[in-house]
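Please read the structure below before turning to the comments.
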Amino acid sequence: MRVATWNINNVVRRLDLLVDWLGRTQPDVVALQELKAPSAAFPRDALEAAGYGALVVGQPTWNGVALLARGREPLPVATALPGDAEDKEARYVEAAIHGVLFASLYLPNGNPQPGPKFDYKLRWFERLRLRAQALWASGQPVILLGDWNVVPTDEDIYKPDTWRDDALLQPGPREAFAKILAQGWTDALRSVHPSERPFTFWDYRRKRWERNAGLRIDHILVGRGFTIDDAGVDREERGRANASDHAPVWAEVRQGRPPRVTRRRKPPGGAPDAPGLPRRA
DNA sequence: ATGTCACCCCTCGGGTGA
């Protein structure tokens with residue numbers, strides 16, 4: 001099963017790019033963020049024509065999240081993150097698809113920090129931690145996808161010092177992300193590419209795409225009971241005309257343990273391990 | 001310091017958010 005997350009940065013303006021990418025890569029489940037459209041304006045018909053059912057939580061102008069499922073309708077589970085009835089921002093949706101619980105989340109950016117927006121980010125992260133803990137404890141198969149608006153470590157950005165005061169690099173959000181990972185989740189992209197710098201976002205400003213001055217802030221956290229066969233970033237989507245400032249992140253996952261692999265002895269000369277060995281989530 | 005993009009409206013340009 002191929003799952004993916006993409007901060008589309010306005011689903012109406014980016015519809016042609018989205019439909020084209022869906023047709024080429026055929027993901028089974030897609031989490032979208034920053035729809036920047038009310039639910040009624042979501043291009044439901046075009047996505048249905050492309051073969052996808054959708055569960056949408058939109059709002060005018062800002063935020064907005066959705067889950068797409070190829071060849072079926074997502075079964076709604078939640079349309080808001082629990083823990084604050086006053087929070088009306090469209091940043092969280094959960095649905096069951098193929099017997100797996102999926103969440104599409106759009107964490108608050110938090111800039112400028114310090115300030116009320118950063119406080120909101122930390123409160124939202126704490127609510128997410130509690131929700132993730134409850135989902136993990138349920139024993140169900142769960143995958144959390146989204147724009148987490150956190151650069152987990154200094155290895156996840158081209159040059160941390162120019163962003164040191166940004167909300168995306170602060171210790172508080174980083175600790176919150178680490179706490180969720182410590183519940184047992186696997187960061188799919190990091191686990192498949194442990195020594196690379198797979199960025200997922202390049203700011204429109206200062207020719208950051210042209211310079212590969214990127215950040216890794218879009219994450220797929222895989223719950224218990226899955227094997228992650230592969231994961232990656234569809235970087236070419238960021239290079240297209242009229243692109244979002246984020247590229248899609250995807251993972252190939254499979255329920256169940258990895259097959260028993262007879263490991264060959266390492267050949268002399270220190271050659272690296274064979275690629276593509278499955279990882280247990 | 002900005003730098004881009006795209007939205008909004010007390011709307012054709014400045015404010016806002018990312």
Side-chain angles (χ1 to χ4, degrees), chain A residues 5-21 31-43 46 56-66 81 86-93 104-125 128 145-152 156-170 172-174 176-177 199-219 233-249:
Chain A
T5 183
W6 195 2
N7 180 321
I8 196 71
N9 187 13
N10 193 326
V11 71
V12 174
R13 196 159 168 73
R14 239 59 82 183
L15 179 60
D16 290 350
L17 292 168
L18 174 60
V19 168
D20 189 59
W21 172 78
L32 297 175
Q33 302 85 34
E34 286 213 79
L35 305 178
K36 294 187 171 175
S39 299
F42 187 83
V56 181
V57 178
Q59 72 177 79
T61 310
W62 305 117
N63 308 316
V65 288
L81 182 63
E86 302 302 306
D87 183 2
K88 303 299 185 197
E89 299 194 11
R91 294 182 176 277
Y92 190 82
V93 62
S104 176
L105 63 98
Y106 176 49
L107 234 127
N109 173 292
N111 281 305
Q113 72 84 29
K117 292 188 175 185
F118 189 69
D119 297 341
Y120 172 58
K121 177 178 196 163
L122 293 177
R123 289 198 308 275
W124 208 95
F125 229 140
L128 181 60
L145 311 98
D147 176 356
W148 297 65
N149 265 320
V150 63
V151 175
D156 297 303
I157 182 170
Y158 67 104
K159 192 201 279 186
D161 286 345
T162 58
W163 289 73
R164 195 58 77 190
D165 294 333
D166 194 279
L168 277 55
L169 275 72
Q170 294 314 299
R174 283 181 164 180
F177 186 70
F199 300 141
T200 69
F201 162 82
W202 298 260
D203 197 291
Y204 288 123
R205 288 170 283 193
R206 305 191 187 193
K207 301 202 179 303
R208 286 193 167 115
W209 167 245
E210 291 82 346
R211 297 188 291 120
N212 193 30
L215 289 66
R216 190 173 77 92
I217 58 177
D218 301 273
H219 309 301
V233 179
D234 288 341
R235 285 176 57 101
E236 58 273 20
E237 301 307 318
R238 180 61 181 82
R240 298 189 191 283
N242 197 34
S244 167
D245 42 4
H246 296 249
V249 180

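Please read all numbers here as calculations on a predicted model, not as lab measurements. In what follows, chains are A, B, ... by sequence order, proteins preceding strands, each numbered from 1.
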Whole-Å gap separating P (B:dA18) and CH2 (A:W163): 13 Å
Grab the N/O contacts between the protein and nucleotides 6-10 of chain B below 3.5 Å, and write none if there aren't any.
{"from": "B:dA6", "atom 1": "OP1", "to": "A:R13", "atom 2": "NE", "distance (Å)": "2.7"}
{"from": "B:dA6", "atom 1": "OP1", "to": "A:R14", "atom 2": "NH1", "distance (Å)": "3.1"}
{"from": "B:dA6", "atom 1": "OP1", "to": "A:N242", "atom 2": "OD1", "distance (Å)": "3.2"}
{"from": "B:dA6", "atom 1": "OP2", "to": "A:R13", "atom 2": "NH2", "distance (Å)": "3.4"}
{"from": "B:dA6", "atom 1": "O5'", "to": "A:R13", "atom 2": "NE", "distance (Å)": "3.3"}
{"from": "B:dC7", "atom 1": "OP1", "to": "A:N10", "atom 2": "ND2", "distance (Å)": "3.3"}

Note, A:W124 side chain near A:E89 side chain (heavy atom, < 4.5 Å): no
Atom-pair distance (CG on A:L17; P on B:dC5), nearest Å: 14 Å
For atom CG of A:N111 and atom P of B:dT16, their distance in whole Å: 16 Å
Distance, P atom - from B:dC5 to B:dC10, rounded to whole angstrom: 27 Å
Whole-Å gap separating C1' (B:dG17) and CG (A:L35): 16 Å
Contact nearer the 5' end of DNA chain B, comparing A:K207 with A:N7: A:K207
Length of the line joining A:W202:CH2 and B:dC5:C1', which is rounded to integer Å: 17 Å
Protein-nucleotide distance (A:F201, atom CZ; B:dA18, atom P), rounded to Å: 12 Å
For atom CH2 of A:W148 and atom P of B:dA18, their distance in whole Å: 19 Å
Between P of B:dG17 and OH of A:Y120, the distance in whole Å: 13 Å
Residue pairs fulfilling salt bridge (Lys or Arg N to Asp or Glu O under 4.0 Å) with at least one residue in residues 239-249 of chain A, sequence neighbours excluded: A:E237-A:R240
Nearest-Å distance once atom P is located in both B:dA6 and B:dT11: 23 Å
side-chain hydrogen bond (donor to acceptor under 3.5 Å, both in side chains) partners for A:D234, two or more places apart: A:W21, A:W250
All side-chain hydrogen bond (donor to acceptor under 3.5 Å, both in side chains) counterparts of A:D203, not counting sequence neighbours: A:R205
P-based separation of B:dG17 from B:dT2 [nearest Å]: 15 Å
All side-chain hydrogen bond (donor to acceptor under 3.5 Å, both in side chains) counterparts of A:D147, not counting sequence neighbours: A:N7
Spacing of CD belonging to A:E34 relative to CG belonging to A:N63, to within rounding of 0.5 Å: 7.0 Å
By side-chain hydrogen bond (donor to acceptor under 3.5 Å, both in side chains) - contacts of A:R211 (at least two apart): none
